[in-house]
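Below: the structure, in structure tokens.
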Amino acid sequence: MTSIEQHAETSDELRRPGRWIALAVLVLAVLLVAIDATVLGLATPFLTEDLEPTGTQLLWIGDVYSFVIAGLLVSMGSLGDRIGRKKLLLTGATAFGAVSVLNAYANSPEMMILARALLGVAGATLMPSTLALIRNLFNDPRERSLAIGIWGAMASAGAAVGPVVGGFLLEHFWWGSVFLINLPVMAVLVVVGVRMIPESKNPAPGPWDLMSVALSLVGMIGVVYAIKDLAAHGASWEVAVAGIGGAAALWWFVRRQLKLPDPLLDMRLFHHRGFSGAVLADLLTILGLSGLVFFLSQFLQLVQGRGPLEAGLAELPAAVGAVTCGLIAGQAARRFTVRFVVSAGLAAVGVALAAVTFVHQETGYPLIGLLLLVVGIGAGFAFTVTSDVILSSVPKEHAGSASAVSETAYELGAALGIALLGSIVTGVYQDFVTPHGVPADAAAAAHESLGGAVEAAQGIPADQAHALVSAAQDSFVDGLHIAAGIGAAVLIATAAAAWFLLRGQALEEEIVHP
């Protein structure tokens with residue numbers, strides 16, 4: 001037998017039968033999380049009207065999911081390496097569907113915040129498991145790049161399907177129905193996944209260190225909470241205690257990982273410049289994007305007056321760009337370079353965000369749609385390639401931990417983005433001058449949120465209502481401009497950093513032998 005024939009035979013052996021069907025099931029979990037994240041933005045005006053949260057409670061509803069998931073991702077990724085990624089995925093998917101029902105029927109802001117937190121616990125089991133299973137399903141680097149592209153594309157598709165389906169539901173049912181769409185997806189995932197997804201785990205994992213789990217959770221939540229509260233309310237002793245306590249817990253966590261024979265997170269992963277650069281790029285990019293995305297649905301509905309379904313359809317170009325470019329990102333990175341594709345993608349997103357600073361109430365949709373398309377194209381290229389770099393940088397047995405680091409950067413960036421940029425939008429918004437003659441109770445409700453202003457305007461005379469809503473909309477757009485400008489600066493700086501950190505980084509070309 002010739003060497004070429006031997007290589008072909010080995011390649012065929014390493015290409016697991018049924019891997020593409022298994023991938024199709026795995027991406028359902030990605031859809032589950034992506035749909036849940038996007039429908040919340042559309043449901044916010046309706047949720048605000050029904051539950052009447054304060055501005056601070058509304059931000060917590062938006063970001064507590066990311067806080068909890070960021071605190072648990074590393075722990076759950078490591079748990080999957082130990083007990084089995086398939087087992088963790090199916091358990092988490094079942095819990096995710098069950099807790100979605102609690103979200104749908106929440107009857108107070110406090111209950112909604114709790115339900116979102118519990119959803120974060122379940123969600124923390126899903127994303128690291130899917131990426132880690134892809135790493136073990138696909139040994140051929142080119143196939144794996146395509147699989148990661150499909151994984152990312154389905155996340156973008158979920159971001160597109162969520163608003164459209166959510167918009168339809170919001171126009172025909174109550175806001176809680178947007179969470180119930182998780183149930184059929186979860187059911188398919190569990191029923192088909194039991195048969196089609198192969199189990200994988202670290203063959204010699206060591207014990208799951210509960211002290212490290214606690215330190216990771218306390219540290220991440222403490223630091224993120226401190227940043228959020230500092231941005232929203234300024235310095236206080238609560239902020240100092242949370243920030244110092246969280247930083248101390250993370251420092252202790254790192255020290256403990258360096259000493260444990262079987263750490264929850266192998267800190268040596270960060271010695272790889274490509275791994276560290278890709279993780280940093282993901283974190284800063286999502287930080288720059290997420291605050292804007294969180295408020296974009298409100299802009300389309302409450303400022304430009306679109307219905308929820310129309311607003312969902314208006315956001316489709318971003319998903320189209322991300323899906324298309326995610327599928328060809330691996331090929332592009334091999335033809336050009338990893339750092340060129342990532343840096344160019346991030347720079348494109350930064351330029352699009354900078355252009356958002358010129359968007360106003362009368363801006364036509366063609367410009368908004370074009371900006372969203374550019375954002376999707378840039379993000380599709382950058383995120384797919386960085387995910388591939390992260391997975392390719394580690395041994396298969398550590399795939400869960402590496403995937404968890406990647407997802408932690410994503411979720412932490414989302415939490416920080418909503419906290420920082422969201423607090424800026426809220427702070428600028430709340431400073432608008434109440435028009436003369438508006439009753440005090442209506443003015444107080446209007447200053448809590450833009451949705452509160454629209455609701456309050458329904459109970460006052462028409463001339464006062466128009467003046468109040470116009471002032472609130474103008475102030476909201478001012479805050480959006482500032483947040484978009486800051487996001488653009490973060491993205492451009494991240495593009496420059498990625499150019500240097502990813503220097504010499506290349507995607508694998510040959511079959512990986514286990």
Side-chain angles (χ1 to χ4, degrees), residues 7-8 10-31 33-34 85 89 126-161 189 192-193 196-198 200 274-275 278 281-282 319-342 344-345 376-394 396 399-400 402-403 406-407 410 502 505-514:
H7 178 77
T10 304
S11 299
D12 290 338
E13 289 174 357
L14 292 174
R15 292 188 174 104
R16 183 190 298 272
R19 61 195 180 281
W20 295 107
I21 298 176
L23 176 66
V25 178
L26 286 177
V27 296
L28 287 175
V30 181
L31 278 172
V33 177
R85 292 147 192 154
L89 175 71
L126 299 180
M127 300 301 279
S129 299
T130 58
L131 260 183
L133 285 165
I134 287 173
R135 174 69 176 85
N136 283 271
L137 278 169
F138 295 91
N139 294 293
D140 184 326
R142 291 180 179 272
E143 281 195 351
R144 186 169 64 244
S145 292
L146 178 58
I148 293 172
I150 294 172
W151 177 86
M154 292 305 287
S156 300
V161 170
L189 168 62
V192 181
M196 295 305 303
I197 299 175
S200 70
F275 180 89
D282 283 357
V320 171
V323 168
T324 303
C325 295
L327 293 176
I328 62 173
Q331 182 180 352
R334 287 181 171 88
R335 180 171 180 178
F336 301 101
T337 63
V338 165
R339 73 171 183 172
F340 175 80
V341 172
V342 173
I377 290 172
F381 275 125
F383 286 135
T384 304
V385 175
T386 53
S387 295
D388 203 336
V389 168
I390 289 168
L391 279 187
S392 301
S393 301
V394 302
K396 291 175 66 173
S403 302
S406 173
E407 293 302 322
Y410 187 97
L502 298 177
Q505 187 68 41
L507 300 185
E508 293 176 334
E509 295 283 351
E510 301 298 329
I511 290 286
V512 176
H513 293 268

### Query
Got a second to check how far Leu26's CG is from Arg85's CZ, nearest 0.5 Å?
12.0 Å
### Task
Could I get the full list of side-chain contact (heavy atoms from CB on, under 4.5 Å) partners for Thr324, not counting sequence neighbours?
Val320
### Query
So, for Ala329 and Gly380, which heavy atoms are closest and what is the spacing to 0.1 Å?
CB-O, 4.1 Å
### Over all atoms of both residues, closest heavy-atom pair of Phe381 and Ala332
CE2-CB, 4.0 Å
#### Entry: Pairing residues for Thr386 by the side chain to side chain donor-acceptor pair (under 3.5 Å) criterion, not counting sequence neighbours
Asp282
### Query
Taking side chain as C-beta onward, heavy atoms only, is Phe340 less than 4.5 Å from Val385?
no
### Task
Among Thr384, Val389, Leu502, Thr337, find the one that has a side chain to side chain contact (heavy atoms under 4.5 Å, CB included) with Val342.
Leu502
